[in-house]
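Shown next, in structure tokens, is the structure this report addresses.
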Amino acid sequence: SLAMATTMPWFGMDIGGTLCKLVYFEPKDITPDEAELEVETLRNIRRYLTKNSAYGKDGHRDTHLQMDDVVVRGRRGSFHFIRFPTSAMGKFLELAKDKGMATLVSSVCATGGGAYKFEKNFREVLNLSLHKFDELDSLLYGLQYVEMNNPTECYYWKHPTREDKCEKVNFDFSQPYPFLLVNIGSGVSILAVYGPGVYKRISGTSLGGGTFLGLCCLLTGCNSFEEAIELASKGDNTSVDKLVRDIYGGDYDRFDLPGDLVASSFGNMNSKDKRQLVSREDLARATLVTITNNIGSITRMCALNEKIEKVVFVGNFLRVNPIAMKLLAYALDYWSKKALKALFLEHEGYFGAVGCLLQLHC
Ligand code: ADP
């Protein structure tokens with residue numbers, strides 16, 4: 001019904017292995033009549049969410065991603081994008097309880113593994129039931145909606161290896177099919193997408209964003225993803241890894257392998273002397289390069305197998321992570337002799353949550 005937007009808040013939640021993504025639709029076309037009928041609790045929640053960009057210690061709103069003037073089922077408004085670590089779910093539920101969430105709705109749309117794992121907690125703390133949706137269906141549905149509503153959503157990296165010339169360039173993704181979708185979250189899923197809602201999951205790897213962060217914490221003692229990326233951006237992997245030139249003394253010409261290519265990730269770290277020469281920054285960089293190149297290599301094989309040329313990378317591993325994006329762009333370019341195109345999306349980690357919200361029907 002038309003009054004729905006004001007009588008209940010619209011949320012979509014994607015509760016992943018590492019991060020919980022929350023998308024909130026703020027109606028902006030509230031009529032005076034609706035405003036009069038609106039309950040105070042709902043108005044307070046809307047203000048709380050839209051006037052702040054931090055919630056408690058762990059919650060963040062990605063204000064730069066906000067989408068204004070979008071239409072969802074006949075209502076006009078804004079999408080707000082919020083995330084917090086899934087490990088803070090207990091605190092989130094208490095906060096939602098304090099804000100009176102439970103008095104407004106009886107059910108919330110949720111996807112991701114946490115929609116199953118935390119179902120009991122939502123019922124016990126908030127008396128809310130979860131309306132569960134499949135995470136890959138939601139991911140594709142959300143991606144399609146956001147891409148259609150944001151003309152600058154999709155981009156690629158031009159000259160990914162040239163510091164001076166490298167730039168983000170808008171890509172027209174209005175004719176997307178077929179494409180490969182590589183979702184790099186805690187783990188990695190690779191989908192082949194042939195049309196709206198027509199896809200199959202073709203591969204995956206457990207060596208994903210969670211592996212990068214876990215190994216980085218072990219090797220460098222860092223405590224957050226942001227810190228890990230910061231370290232990596234100042235490091236150099238070439239003393240940690242064994243390169244082709246460490247083995248050949250130069251290029252391996254016969255098979256076109258350049259000397260600066262990694263032959264063995266972390267391959268120099270068996271030597272005590274070399275271990276003493278590397279910094280935390282170098283170890284962080286090597287971890288990032290190892291995980292990213294492995295994903296690039298699996299992706300390339302999938303693309304060749306499926307005969308698909310467009311590859312879209314999403315997931316929060318790519319958040320504030322231009323090093324990984326450029327490596328993926330380069331890996332696909334280089335090894336496929338330019339046949340493959342690596343594409344990226346601005347709302348990288350939020351499509352599951354958007355797709356979940358869009359599937360709400362009450
Ligand atoms: P999931 O649904 O499995 O939680 P995401 O798409 O949310 O997956 O991506 C999680 C990954 O994103 C982490 O493993 C990490 O590599 C990266 N990441 C980006 N920002 C953060 C952050 N603030 N905290 C933790 N991990 C982050």
Side-chain angles (χ1 to χ4, degrees), residues 156-157 159-161 166 178-193 199-216 219 228-229 232 235-238 240-248 251-269 282-319 321-345 348:
Y156 66 95
W157 290 93
H159 306 301
T161 51
C166 180
F179 68 92
L180 217 60
L181 183 62
V182 183
N183 185 23
I184 318 178
S186 309
V188 182
S189 278
I190 304 182
L191 317 178
V193 188
Y199 69 92
K200 58 182 187 190
R201 185 181 185 279
I202 52 176
S203 191
T205 167
S206 65
L207 303 186
T211 318
F212 161 66
L213 188 50
L215 287 178
C216 222
L219 290 170
I229 293 296
D236 177 359
N237 62 296
T238 58
V240 179
D241 294 338
K242 198 169 282 232
L243 308 182
V244 167
R245 71 161 176 263
D246 295 327
I247 304 170
Y248 275 81
D251 301 342
Y252 180 11
D253 282 326
R254 184 162 175 229
F255 292 104
D256 267 348
L257 298 177
D260 62 0
L261 186 73
V262 176
S264 168
S265 300
F266 284 85
N268 277 344
M269 294 297 88
D282 295 341
L283 289 166
R285 180 65 161 240
T287 311
L288 185 58
V289 170
T290 299
I291 296 299
T292 306
N293 279 343
N294 185 56
I295 295 169
S297 152
I298 294 170
T299 299
R300 192 171 38 86
M301 288 189 278
C302 289
L304 294 179
N305 253 332
E306 297 297 317
K307 302 186 173 51
I308 293 178
E309 291 178 357
K310 271 177 284 186
V311 181
V312 180
F313 291 95
V314 296
N316 278 318
F317 173 65
L318 300 174
R319 229 193 100 241
N321 196 355
I323 300 174
M325 288 191 275
K326 291 173 192 176
L327 269 174
L328 288 168
Y330 174 70
L332 257 55
D333 251 27
Y334 179 85
W335 292 106
S336 72
K337 307 215 158 54
K338 306 238 172 210
L340 301 178
K341 186 121 206 113
L343 302 169
F344 302 91
L345 300 169
E348 59 226 343

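Computed from a predicted model, the values in this text were never measured in an experiment.
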> Between Pro258 and Val244, what is the shortest heavy-atom contact and its length?
Replying inline: O-CB, 3.4 Å
> Under 4.5 Å between any side-chain heavy atoms of Glu309 and Lys341, yes or no?
Replying inline: no
> Can you check whether Thr290 reaches Phe266 side chain to side chain, under 4.5 Å on heavy atoms?
Replying inline: yes
> For Ala232 and Ala284, which heavy atoms make the closest approach, and how far apart are they?
Replying inline: N-CB, 3.7 Å
>> Below 30° counts as parallel, above 60° as perpendicular, anything between as tilted: where do the rings of Phe255 and Tyr252 land?
In response: perpendicular
>> Within this structure, what is the CG-CG distance for the pair Leu283 and Leu215, rounded to the nearest 0.5 Å?
In response: 11.0 Å
>> So which atom in Asn237 and which in Ala286 form the shortest heavy-atom distance, rounded to 0.1 Å?
In response: CB-CA, 3.6 Å
> Quick one: does Ser297's side chain have a donor or acceptor within less than 3.5 Å of a partner on Asn293's backbone?
Replying inline: no
>> Show the nearest heavy-atom pair for residues Val188 and Gly208, with the distance to one decimal.
In response: CG2-CA, 3.7 Å
> Between Phe212 and Phe317, how do the two ring planes meet: parallel, tilted or perpendicular, split at 30° and 60°?
Replying inline: perpendicular
> So do Arg285 and Ile323 actually touch side chain to side chain, heavy atoms under 4.5 Å?
Replying inline: yes
> Does the Asn268 side chain pair with the main chain of Asp241, one donor and one acceptor, at a distance under 3.5 Å?
Replying inline: yes
> If you measure from CG on Leu343 to CG on Leu332, what distance do you get to the nearest 0.5 Å?
Replying inline: 9.5 Å
> Ala324 and Leu288: which non-hydrogen atoms are nearest, and at how many Å?
Replying inline: CB-CD1, 4.4 Å
> Can you find a heavy atom in the side chain of Val312 that is under 4.5 Å from one in the side chain of Leu345?
Replying inline: yes
> Does Asn294 use its side chain to pair, donor to acceptor, with the backbone of Ile291 at less than 3.5 Å?
Replying inline: no
>> I'd like to check Leu328 versus Ile184 (side-chain heavy atoms, cut-off strictly below 4.5 Å). Are they in contact?
In response: yes
>> Using 0.5 Å steps for rounding, measure from the CZ atom of Arg254 to the OH atom of Tyr248.
In response: 9.5 Å
>> Quick one, Ile295 and Leu207 - any side-chain contact, counting heavy atoms below 4.5 Å?
In response: no
> Rounded to the nearest 0.5 Å, how far apart are CZ of Arg245 and CG of Leu261?
Replying inline: 10.5 Å
> To the nearest 0.5 Å, what is the distance between NZ (Lys326) and CG (Asn321)?
Replying inline: 10.5 Å
> Backbone N or O of Ser206 within a donor-acceptor pair of the Thr211 side chain at under 3.5 Å?
Replying inline: yes
>> If you count every heavy atom of other residues, nucleotides or ligands that lies below 6.0 Å from Glu306 atom CD, does the total exceed 12?
In response: yes
> Mind checking whether Leu180 and Cys302 have side chains closer than 4.5 Å, heavy atoms only?
Replying inline: yes
> Tell me, do Leu191 and Asn183 make a side-chain contact under 4.5 Å, heavy atoms counted?
Replying inline: no
>> To the closest 0.5 Å, what do you measure between OH (Tyr330) and OG1 (Thr292)?
In response: 14.5 Å
> Under the 3.5 angstrom rule, does the side chain of Asp236 hit a backbone N or O of Thr238 as a donor-acceptor pair?
Replying inline: yes
> Taking all non-hydrogen atoms of both residues, which atom of Ala329 and which atom of Ala342 are closest, and how far apart?
Replying inline: CA-CB, 3.7 Å
